[in-house]
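Right, one structure below, let's go through it.
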Amino acid sequence: MLLALAVLLVAWSWWDSRLPGAYSAEEMGVPDYGGGPATHRGHQPPLGAPGGGDPVDGADDAADLVSVADLIASPSQPDAEPDVRVELEARTAQVTPENGKAFAGFTLNGSSPGPEIRARQGDLVEVVVHNVDVAGGATLHWHGVDVPNAMDGVAGVTQDAVAPGESFTYRFVAEDAGTYWYHSHQISHRQVVAGLFGALVIEPSTPSDQASDVAVLLHTYPSNSRSINGTVGALWHEAAPGDRVRVRIANTDNGNTAVWVAGGDFRVLAIDGTDVNGPTALRDQRVPLTAGARADLEVTVPATGAIRVQAPGVSLVVGPAGSNAPETPSPSAVFDPITYGTPTDLGFDATAPDRSFVYNIGRRPGFLDGRPGYWWTVNGNIGMAAPMYMVGEGDVVTMRITNQSGEGHPMHLHGHHAVVLSRNGVPATGSPWWVDSLDVDHGEAYEVAFVADNPGVWMDHCHNLPHAVEGLITHLMYDGVTTPFRMGKDTGNEPE
Ligand code: C2O
Ligand code: CU
C-alpha cells in the first residue's frame, strides 16, 4: 500500500513537472508577495502551483496591463538620433583565440569577444544585431545595465530570439557609468561560453582622475583556452610612468576567478559598475570575481618598469613600450568589499522594506520538465514550483539569499542593482556594496536590498549558466506588467 502510494506520488510529480510546448514567464513560479499587497495583475495561474494557482486579479482589466515590449526609455523612442550606433553580425564560426586552440563557436563582427562598445553617460545607445546564421537564434543582454525591460534581451521573456536572417534593434540610454558586458540570452549556456559576448563601457559624464582606462574580459573558451580579450596569455596596455590607469575587468565565465596586482598598491574603484565610495589603497590581496561580476582596479605605473594585473593563466601588463613586470602567485589574503571604503547614503531606507523575500537555494531529487534528476531548488521547490517574486513599482525590497545546496552560486538579478546589507548576519560597514552578480557560497546567507524602480519581468538566476538550465531561475515580476512572449520547445525561445 505504502509502496503503491509512493509510486503514485512519484508518477504525479513527474506528470506535474512536464512543461507545455509554449508557456509564459508569467506562469513560471508561485506568486510570493513578500508581505506586500497580493496584487498580481498580469500574473497567470502558475503552472507549478498545487491546484492551479489563484484566480487572476483584475483579469478583466487586461487593457490596463503594460506589455514588456512597450517598456522602453522615453528618450530612446524610435525617432531619436542615437549618440552611439553599433551593428553586430552574429555568425557561426570556427574560432581560434590568439595563441589558443580552435573550437566550433560564434563570432560578433568576425571575432570573439565582439567589439567593445563605449558610450558616455547620458548617450542614447543603439545596437543592431543581425543574426547571420546562428541556427538556434540569438539575443543580446546588457549584463549589469539597468535597461528598460523591452531591451533586456531575454529570449521568450522580453523578446523573441533573433532567427537566422533576422535583426533586432536595442536602444537604451546609458544612464549609469560603469563596466558592463553583453552576451546572448538565448541558449546562453552554450552561446556565451562559445563566443557571443563583448565588453560595454559607459564612461562617466565628468572626466575621471585616471590617465587612461582599459577593459578586459576574462574568458575560458570551450577549447579550454583561458583568455584575456580573446588572447591566451598576456596583453599589454601602454601607459607612462606615474600614470594611474583604470583596469575594468569582467569575468565572463561560469565559474569564479580572482584578480591581483603584482608589485604595487591598487584600489578597487568600482564593483559591478558602481563606484566604491572612498576606496583606499590595497596591497597583496586577491580580488574575487564571481561569474558575470566586474571590478575596476586602479593601478599606478611605477617610475621604472611596469605593473601587472593578473588572473589565473592570464594577465595585463600596464606600462611604457617594452616594459615588463614579473608574474607573481595569487596572494592568500582576500579582498572583502563588505568592509572596504566609506559608508554613504543609500538613497532609500532599507530598514523599512515594503516587501521581504527569501531566496533559499538548495538541491534535491525530483523532476524538472519530466526529467528525473538532482535539481536545484528555490525555497525547497523545483522549476515551476519555485517562487515568482511579485513587486509593485516603487517598493523597497529586501531579499535574504541563502545557500545550502553544496555548491556556490553567482546570483544575478536583471534590471536592478541590490546593495548588500549583511553577510552571515554581519552588517556591511564599508562603502555601499552594490551588486548585480553576487557569489553566494554554500553555507552563506546574504541580506540585500533594492528599490523596485524598473517595471518589467526580470530574471533573477544563477550565472553559472548550466545551473540555470538545471532550474536555478526565478523572476521578479511587477504588478500590472504582461509579456506577449513565450518560451518552450514549440517557440524557439530558450533563454537559458
Ligand atoms: Cu548575464 Cu541572465 O544574464
Ligand atoms: Cu549556480
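Everything numeric in this text was worked out from a predicted model, so none of it was measured. Ligands are counted one by one from 1 in listed order, and the atoms in each one are counted from 1 as well.
- The atom name of the N/O/S atom in His143 closest to atom 1 (Cu) of ligand 1 is ND1.
- By the 4.0 Å N-to-carboxylate-O rule, Asp160 lies too far from Arg486 to be salt-bridged with it.
- If you look at the Cu ion (ligand 2), the protein N, O or S atoms less than 2.8 Å from it are His409 ND1, Cys462 SG, His467 ND1.
- Residue His463: an N/O/S atom is found under 2.8 Å from atom 1 (Cu) of ligand 1.
- The pair Asp32-Arg355 does not count as a salt bridge, with every side-chain nitrogen at least 4.0 angstrom from each carboxylate oxygen.
- Classification of Asp133 and Arg91 as a salt-bridged pair fails, no side-chain N sitting under 4.0 Å from a carboxylate O.
- Contact annotation: His414 places an N, O or S atom under 2.8 Å from atom 2 (Cu) of ligand 1.
- Between His414 and the options Asp460, Val457, Asp152, a side chain to side chain contact (heavy atoms under 4.5 Å, CB included) holds for only Asp152.
- With 2.8 Å as the limit, His185 does not count as an N, O or S neighbour of atom 1 (Cu) of ligand 1.
- None of the N, O or S atoms belonging to His412 lies under 2.8 Å away from atom 2 (Cu) of ligand 1.
- Within the 4.5 Å cutoff, no side-chain heavy atoms of Tyr389 are placed close to those of Met477.
- Ring geometry for Phe348 against Trp434 counts as tilted: the plane angle lies between 30° and 60°, on a 0 to 90° scale.
- Salt-bridge annotation for Asp275 and Arg246: present, with a side-chain N of the basic residue lying under 4.0 Å from a carboxylate O of the acidic one.
- The pair Arg118-Asp123 fails the salt-bridge criterion, with no side-chain N (NZ, NE, NH1 or NH2) lying under 4.0 Å from an Asp/Glu carboxylate O.
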